[in-house]
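Following: one structure in structure tokens, then a few remarks.
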Amino acid sequence: MSESTELRSKPVNGKRRRTLLKAGGTLLISLLTPITARAAQILAVRVWPADDYTRVTLENDSVLKTRHFIIKNPERLVVDIEGVDLNPTLKSLVAKVQSNDPYIKQIRVGQNKPNVVRLVFDLKEEVDPQVFTLKPIGEYQHRLVFDLYPVNPPDPIAALIEKGQWSIGDEPPTEMPPAVAQADPPYAQPKSERPPQVTRMLTIALDPGHGGEDPGAIGRRGSYEKNVVLQIAKRLKGKLEQQPNMRVMLTRDGDYFVPLGRRVQKARKVQADLFVSIHADAFVKPTANGSSVFVLSEKGASSTTARWLANKENAADLIGGANIKHHDKQLASVLLDLSTTAQINDSMKLGKAVLTEIGGINRLHKGSVEQAGFAVLKAPDIPSILIETAFISNPSEEARLNDDAYQDRMADAITNGIKKYFAANPPLAKSRML
């Protein structure tokens, strides 16, 4: 007799009947109840404070669904994240907020209800929050991003004045500095055709590439491009500001991400005379070496390498995390086809001057200025160049990029190139003097 037949034929006492009914009921409930989804895992939390905005990033293993709202008096941002249980990583977000954060006083984290975690941002002022998600890319998995922009953003010139980096009563020198006025590089226009000298303050926008969520290229020894280029940019800023008629605006002065279009927008807001983007890129082969200078191309890249580098740099918004849905229309139009032939011609002159100087301190990857469709060079009214100071993927060049003396020589070379460019191409008067 089989076991099943035996169970059916044997009389069942009351206790055993209750046990079997309970087991059957439990089985029935489990079959009818949907399987509860596994809670998403928060893998990392990061906070990036900056004068422009503060970014908070939650990296996780799946897409998160959120709801957020603002509470007034005092200002608070409340965010409910569904499908998440409070874990030590998420709790550590509280300690990530720095006392000097411009916009966040503190963050409170709690399990609001089963599978829902609530974040409360206690704010220092009224903000316009942008909450969005990013798909996995590179080393990152899914990311939930909170960008807290001030409702009343600081004027870029007012911010520089407050920092003591810009004088309200800036007066241009009565004549160009001797080191600039006497320079006569080979590619300068003939003196008889040279436009009249315009003596005024020159504004230069320096753009250290990458930052924050976007480390840029990473060397074999672990050097981050975003750190190296910021160091070089700060050295260059100091040298340019030693000139009596030059002042500098950095698109970023710390470790935070600035979308490509916003870098261009910042330069235009201060009516920059030049835009210089500084990088230290990598290539698939560690033997690639040398410095390069690039300008924008309307027709296509001047080489396969130039095209590859442009595509890589233009992916910064995907890696760094730009909120594409909130790009303003004016900014988007700037990044389309507004760059003029005149801007590209002026950029080429600047690029040649800088490349010649850089060639004195490092091997050139190519002996001429290259062109490609770099998004960050698309200011329609500002001569713009992108400098690859060296290949951080080359072990020997990585070591040089981290050397104070090399950084200093690179800053000197770029400064000399800029001075020679202005000597050969004096800027015209602007419609609104800053």
Side-chain angles (χ1 to χ4, degrees), residues 50-52 154-183 197-209 211 227-256 258 263-264 266-279 293 350-351 353-354 357-358 361 379 382-387 389 404-430 432-434:
D51 290 343
D52 293 357
D155 178 84
I157 296 177
L160 290 171
I161 291 173
E162 186 177 346
K163 291 181 179 179
Q165 298 172 355
W166 203 293
S167 298
I168 299 177
D170 272 346
E171 293 294 336
T174 55
E175 59 183 19
M176 297 291 282
V180 176
Q182 295 173 8
Q197 296 266 344
V198 176
T199 54
R200 61 172 175 80
M201 290 300 296
L202 304 173
T203 304
I204 300 167
L206 298 182
D207 174 49
N227 297 332
V228 168
V229 298
L230 180 60
Q231 292 164 7
I232 294 174
K234 286 182 175 180
R235 290 178 187 272
L236 177 56
K237 179 178 185 291
K239 293 179 184 296
L240 290 172
E241 289 180 338
Q242 289 174 9
Q243 309 304 312
N245 65 327
M246 295 186 188
R247 56 191 174 192
V248 174
M249 185 275 296
L250 290 172
T251 59
R252 70 176 180 95
D253 57 6
D255 187 14
Y256 53 91
V258 181
R263 295 168 189 261
V264 177
K266 282 187 165 190
R268 300 189 80 213
K269 279 187 175 180
V270 298
Q271 291 192 343
D273 293 284
L274 298 180
F275 181 90
V276 180
S277 192
I278 302 172
H279 293 257
V293 176
L350 172 62
V354 172
E357 295 298 319
I358 291 177
I361 68 163
I382 307 173
S384 304
I385 62 173
L386 185 146
I387 302 171
T389 53
D404 289 344
Y406 179 78
Q407 289 187 7
D408 212 50
R409 289 197 300 274
M410 179 60 68
D412 278 331
I414 299 171
T415 299
N416 290 336
I418 290 173
K419 288 164 61 180
K420 289 184 176 180
Y421 166 78
F422 279 127
N425 306 276
L428 299 177
K430 295 214 172 187
R432 176 172 64 88
M433 295 297 290
L434 297 177

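One is the number of the first residue; the rest follow in order along the sequence.
- To the nearest 0.5 Å, atom CD1 of residue Ile387 and atom CG of residue Leu350 are 7.5 Å apart.
- For Glu357, the side-chain hydrogen bond (donor to acceptor under 3.5 Å, both in side chains) partners are Lys420, not counting sequence neighbours.
- No side-chain heavy atom of Glu241 sits under 4.5 Å from any side-chain heavy atom of Met246.
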Would you please test Ile358 and Met410 for side-chain contact (heavy atoms from CB on, under 4.5 Å) and show each step? CA-CA 7 Å; Ile358 291 177; Met410 179 60 68; 4.0 Å; yes
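- Between the side chain of Arg263 and the backbone N or O of Pro208 there is at least one donor-acceptor pair closer than 3.5 Å.
- Atoms NZ and CE, from Lys237 and Met249 in turn, are 11.0 Å apart once rounded to the nearest 0.5 Å.
- What you find for Ile232 and Ala411 is that their closest heavy atoms are O-CB, 4.5 Å.
- In this structure a side-chain-to-backbone donor-acceptor pair under 3.5 Å is present from Ser384 to Ile382.
- Minimum interatomic distance between Leu230 and Arg252 (heavy atoms only, all atoms of both residues): CD1-O, 3.7 Å.
- Inter-residue side-chain proximity for Leu206 and Phe275 is flagged as unmet; no heavy-atom pair is nearer than 4.5 Å.
- Residue Thr203 holds its OG1 atom at 11.5 Å from CG of Leu240, rounded to the nearest 0.5 Å.
- Taking each heavy atom of Gly351 and Val293 in turn, the nearest pair found is CA-CG1, 3.7 Å.
- The CZ atom of Arg235 sits 11.0 Å away from the CZ atom of Arg409 when rounded to the nearest 0.5 Å.
- Two residues are said to be in side-chain contact when any heavy atoms from C-beta on lie closer than 4.5 Å; Val276 and Ile278 meet this criterion.
- Taking every heavy atom of both residues into account, Tyr256 and Thr251 meet most closely at OH-O, 4.2 Å.
- Between the Asp408 side chain and the Asp404 main chain, no donor and acceptor come within less than 3.5 Å of each other.
- Judged by distance alone, the side chain of Arg247 and the main-chain N or O of Leu202 form no donor-acceptor pair under 3.5 Å.
- Looking at heavy atoms from C-beta onward, Ile204 lies out of side-chain contact with Asp273 at the 4.5 angstrom threshold.
- By the side-chain hydrogen bond (donor to acceptor under 3.5 Å, both in side chains) test, Lys266 pairs with Asp52, sequence neighbours left out.
- Ala353 and Gly417 get closest at one heavy-atom pair: CB-O, 3.4 Å.
- The shortest side-chain heavy-atom distance between Ile385 and Val354 falls under the 4.5 Å cut-off.
- The distance from the CG atom of Asn416 to the NZ atom of Lys239 is 9.5 Å, given to the nearest 0.5 Å.
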